[in-house]
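One structure is given here, and the rest of the page talks about it.
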Amino acid sequence: MIAVANQKGGVGKTTTTVNLAACLAEIGQRVLVVDLDPQANATTGLGIDPYSGAVSTYDVLLQNGSMSDSIVATQVDNLWVSPSTLDLAGAEIELVPAFSRERRLDSALCTVDGDFDYVFVDCPPSLGLLTVNALAAAREVMVPIQCEYYALEGLGQLMRNVDLVRSSLNRELEISLIVLVMFDGRTKLSAQVATEIRSYFGDKVCHQVIPRNIRLAEAPSFGAPVIVTHPNSRGALAYRELAKEVANGAFAGAG
């Protein structure tokens, strides 16, 4: 149960969620993506229409909808998604007076416990109640960090919030994997940022880096992961290698 979080927007969080999940599914793991972002990018990136009227994560969190009823198959074998809708944009406010508001997702996911090898929760780029729900439900946090100048911006606050959730809601929670994304091997800056992050986080940083790749950027417009749209691209090959690293034990408690 892995929350994919970074309060900074535009860092490749959803790209990493969708493509890592698809690559793990490709090697035989049963994978669920839970889209908690009101922008529904993971939902559309996996080819699901967020306006279909189907049961969504909003219904699960606030309308007593069943998690199992919200789960739909994607075009990738072994990969399912619990989709988001724009209704989720109001959930931050609607959750405030709700009973057990921080544990709504945890309770819902308990009903499908054991059905999947990996559950990835794609968090919104903020630290509100939706992200708190993800952190309360997850065992581990994966943080994509772009290899750019402001890479570490906001990361300290995310780490403090993880500590708060660990102390009050979820003792098992830990930041277990840092994924370096948007790496440009032609620039010194990318290498410098990667070195700085590795020196700070040590073995939590994945060996495989994700390059800047136009095919990765194009894939969402086709409503499919890059291994479907451009299976031989540098982006697809990088996420396949990342999936192998994760499956071989990069996460202490996954698999």
Side-chain angles (χ1 to χ4, degrees), residues 1-6 11-35 42 45-47 73-81 114-123 138-147 151 172 174-185 190-191 193-195 197-220 222 224-255:
M1 203 82 73
I2 302 154
V4 186
N6 190 325
V11 299
K13 177 177 55 63
T14 299
T15 297
T16 293
T17 302
V18 166
N19 288 293
L20 175 57
C23 289
L24 283 165
E26 186 182 44
I27 59 176
Q29 302 295 308
R30 292 173 58 84
V31 186
L32 171 64
V33 171
V34 178
D35 192 351
L46 287 169
T74 71
Q75 60 191 293
V76 178
D77 288 344
N78 299 317
L79 179 60
W80 292 263
V81 61
D115 292 349
F116 303 96
D117 298 306
Y118 295 87
V119 177
F120 290 95
V121 184
D122 190 36
C123 300
R139 297 295 176 269
E140 323 208 14
V141 183
M142 179 171 69
V143 186
I145 299 180
Q146 78 279 31
C147 295
E172 296 182 12
E174 63 172 323
I175 294 177
S176 60
L177 196 67
I178 308 292
V179 181
L180 298 174
V181 300
M182 302 182 187
F183 184 88
D184 187 344
S190 279
V193 171
T195 298
I197 292 170
R198 289 189 190 280
S199 67
Y200 187 83
F201 289 102
D203 59 7
K204 291 182 184 290
V205 184
C206 215
H207 294 295
Q208 178 64 46
V209 300
I210 307 300
R212 278 197 175 278
N213 181 247
I214 189 63
R215 300 306 185 194
L216 280 174
E218 290 173 346
F222 294 99
V226 72
I227 60 168
V228 173
T229 63
H230 303 97
N232 297 316
S233 65
R234 288 173 62 234
L237 297 176
Y239 274 111
R240 284 193 176 104
E241 289 302 312
L242 181 63
K244 291 177 187 175
E245 196 169 337
V246 171
N248 287 334
F251 286 108

Do [X] side-chain atoms and [Y] backbone N/O form a donor-acceptor pair below 3.5 Å?
X    : Y    : value
R198 : D203 : no
N6   : P144 : yes
R215 : R234 : no
E245 : Q208 : yes
N19  : P225 : no

Please report the shortest heavy-atom distance between [X] and [Y], naming the atom on each side.
X    : Y    : value
A247 : I27  : CB-CD1, 4.0 Å
A194 : L180 : CB-CD1, 3.8 Å
V4   : K13  : O-CD, 3.4 Å
V76  : A22  : CG1-O, 4.2 Å
A138 : A3   : CB-N, 3.7 Å
A5   : V141 : CB-CG1, 4.2 Å

Quick one: pull up [atom1] in [X] and [atom2] in [Y] and give me the separation to the nearest 0.5 Å.
X    : Y    : atom1 : atom2 : value
R139 : M1   : CZ    : CE    : 5.5 Å
I2   : S176 : CD1   : OG    : 6.5 Å
K204 : E174 : NZ    : CD    : 5.0 Å
I214 : H230 : CD1   : NE2   : 9.5 Å
I227 : E26  : CD1   : CD    : 4.0 Å
L242 : I210 : CG    : CD1   : 5.0 Å

Could you check whether any side-chain heavy atom of [X] comes within less than 4.5 Å of a side-chain heavy atom of [Y], counting everything from C-beta outward?
X    : Y    : result
Q75  : V228 : yes
L24  : F120 : yes
I178 : I197 : yes
V209 : C147 : no
L20  : Y118 : no
M142 : V179 : yes
L216 : Y239 : yes

Subject >> D122-T14 side chain donor-acceptor pair, cut-off 3.5 Å >> reply: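 A pair is found: one side chain offers a donor N or O, the other an acceptor, under 3.5 Å apart.
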**OP:** Answer yes or no: does atom CG of D77 have more than 12 heavy-atom neighbours from other residues, nucleotides or ligands under 6.0 Å?
**Re:**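 At most 12 heavy atoms, drawn from other residues, nucleotides or ligands, come within 6.0 Å of this atom.
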**OP:** State which residue, out of T74, L79, V18, fulfils the side chain to side chain contact (heavy atoms under 4.5 Å, CB included) condition with V33.
**Re:**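 In the set T74, L79, V18, the residue that makes a side chain to side chain contact (heavy atoms under 4.5 Å, CB included) with V33 is L79.
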